[in-house]
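Here the structure is laid out as structure tokens; the discussion comes afterwards.
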Amino acid sequence: MGIKVRVPAPLQKLTGSAEVQADGTTVAEVIAGMEKAFPGVKDKLCDPATGKVRRYLNVFVNQQDARFLQGEATPVKDGDEISIVPAIAGGAR
Amino acid sequence: MLAISADGRRAIVADAERAYPHECCGVFVGRRSGDDIEVVRAVPAANENTDRPAVWYDLAPADFERIAREARADGLDVVGFYHSHPDHPARPSEGDRSRALGSYVYVIAAVEKGQYKEMTAWTLDDDMAFPEHSAKFVAVPIRS
């Protein structure tokens, strides 16, 4: 069954669709699972220096911001949903 | 070409004038087909920036997640974002460019002394650009 992962538009050329399935028992494992299926995805999602999710990305697990759970170590199970939500920002100055 | 529904335009203008002198921000829900983008709804989101909200916006991630979920339920997608430039031209700043993502359209609404003036639309020249990129903005014509 796996974990359902919703990916934002700029990643969809890598994944081929807006929604993919991946396996894993934590957010970090799911990202690793995505990398196996869609090489190059992890570099987009994670800082190569730290291996952590990039600072301008938010990960939601079942509609809850993973920052307020256990971050990359947040446990997930079959049937859960992960949404990758870019941090949208800017401004006049 | 970008087409924004009449309701969508009204929502952007109302949000920009309501938020003045702060920047407003919101999410575009619609459809994309090649270079043609249709905005069905412009949905206001919270600007979470508290340090300098007159010149910067941080769109609330929880609002983005919720609006994207509601869009999917209607068979639509998130196609872009809008924000306002209070007392500043509707031209993207370096901050706008560097924090933008590929594949989305960005609308900037200029507000002068509390009154809406104009809006412009932009997209990056790299569909796959992700944070910390070097892509450039190109103007997107808005269908009148």
Side-chain angles (χ1 to χ4, degrees), chain A residues 4-20 27 31 34-35 38-69 71 74 76 80-93, chain B residues 22-23 25-27 32 45 47-49 52-69 72 77-81 83-104 106 108 110-111 124 126-133 135:
Chain A
K4 185 186 290 183
V5 184
R6 300 189 188 281
V7 299
L11 288 184
Q12 290 173 16
K13 279 195 177 163
L14 282 175
T15 61
S17 66
E19 189 181 299
V20 300
V27 168
I31 292 173
M34 288 174 70
E35 174 65 17
F38 311 107
V41 160
K42 190 175 179 186
D43 266 4
K44 291 279 192 181
L45 297 179
C46 300
D47 183 335
T50 64
K52 301 277 188 189
V53 170
R54 287 183 183 273
R55 57 184 171 153
Y56 295 142
L57 285 180
N58 304 288
V59 175
F60 283 73
V61 177
N62 297 331
Q63 303 172 21
Q64 286 190 286
D65 192 330
R67 286 178 302 176
F68 306 122
L69 300 170
T74 302
V76 292
D80 282 352
E81 288 190 14
I82 291 177
S83 288
I84 297 161
V85 177
I88 304 300
R93 281 183 287 269
Chain B
H22 292 173
E23 294 200 5
C25 57
V27 180
R32 180 167 187 150
N47 177 1
E48 288 193 334
N49 186 285
R52 46 191 193 109
V55 293
W56 192 260
Y57 75 96
D58 290 301
L59 193 148
D63 285 354
F64 184 173
E65 193 276 338
R66 173 183 51 80
I67 294 165
R69 193 161 17 95
R72 285 194 297 274
D77 285 321
V78 170
V79 294
F81 309 92
H83 72 282
S84 61
H85 279 184
D87 296 319
H88 202 78
R91 296 286 176 275
S93 66
E94 172 54 22
D96 286 330
R97 187 205 63 77
S98 67
R99 292 297 303 274
L101 296 149
S103 299
Y104 293 121
Y106 288 80
I108 301 173
V111 185
L124 291 175
D126 175 1
D127 281 351
M128 292 175 67
F130 228 52
E132 298 167 307
H133 59 75

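Everything numeric in this text was worked out from a predicted model, so none of it was measured. Chain A is the first sequence line, chain B the second, and so forth, proteins listed ahead of strands; every chain is numbered from 1.
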Could you tell me whether a side-chain N or O of B:R52 sits under 3.5 Å from a main-chain N or O of A:R93, the two making a donor and an acceptor?
yes
For A:P10 against B:S103, the heavy-atom pair lying closest together:
CA-OG, 3.8 Å
For A:V85, is there any backbone N or O sitting under 3.5 Å from a side-chain donor or acceptor partner on B:E65?
no
Could you tell me which portion of A:F60 (side chain, backbone, both or neither) has an atom closer than 4.5 angstrom to a non-hydrogen atom of chain B?
side chain
When rounded to the nearest 0.5 angstrom, what distance separates CD1 in A:I88 from OH in B:Y106?
4.5 Å
Of the listed A:R54, A:R55, A:Q64, the one with the largest count of heavy-atom pairs under 4.5 Å with chain B is A:R55
How close do B:W56 and A:G90 get, heavy atom to heavy atom, and via which atoms?
CD2-O, 3.0 Å
Checking heavy atoms, do the side chain of B:Y104, its backbone, both or neither come under 4.5 Å from chain A?
side chain
Minimum heavy-atom separation for A:G91 and B:H85, please, with both atom names.
C-NE2, 3.6 Å
Interchain contact, B:R72 with chain A, by part (heavy-atom threshold 4.5 Å)
side chain
Taking all atoms of both residues into account, what is the closest heavy-atom pair of B:L101 and A:P86, and its distance?
CD1-CB, 3.2 Å
Could you look at B:R69 and say if it's the side chain, the backbone, both or neither that has a heavy atom under 4.5 Å from chain A?
side chain
All heavy atoms of A:A89 vs all of B:D58, minimum pair found to be CB-OD1, 3.4 Å
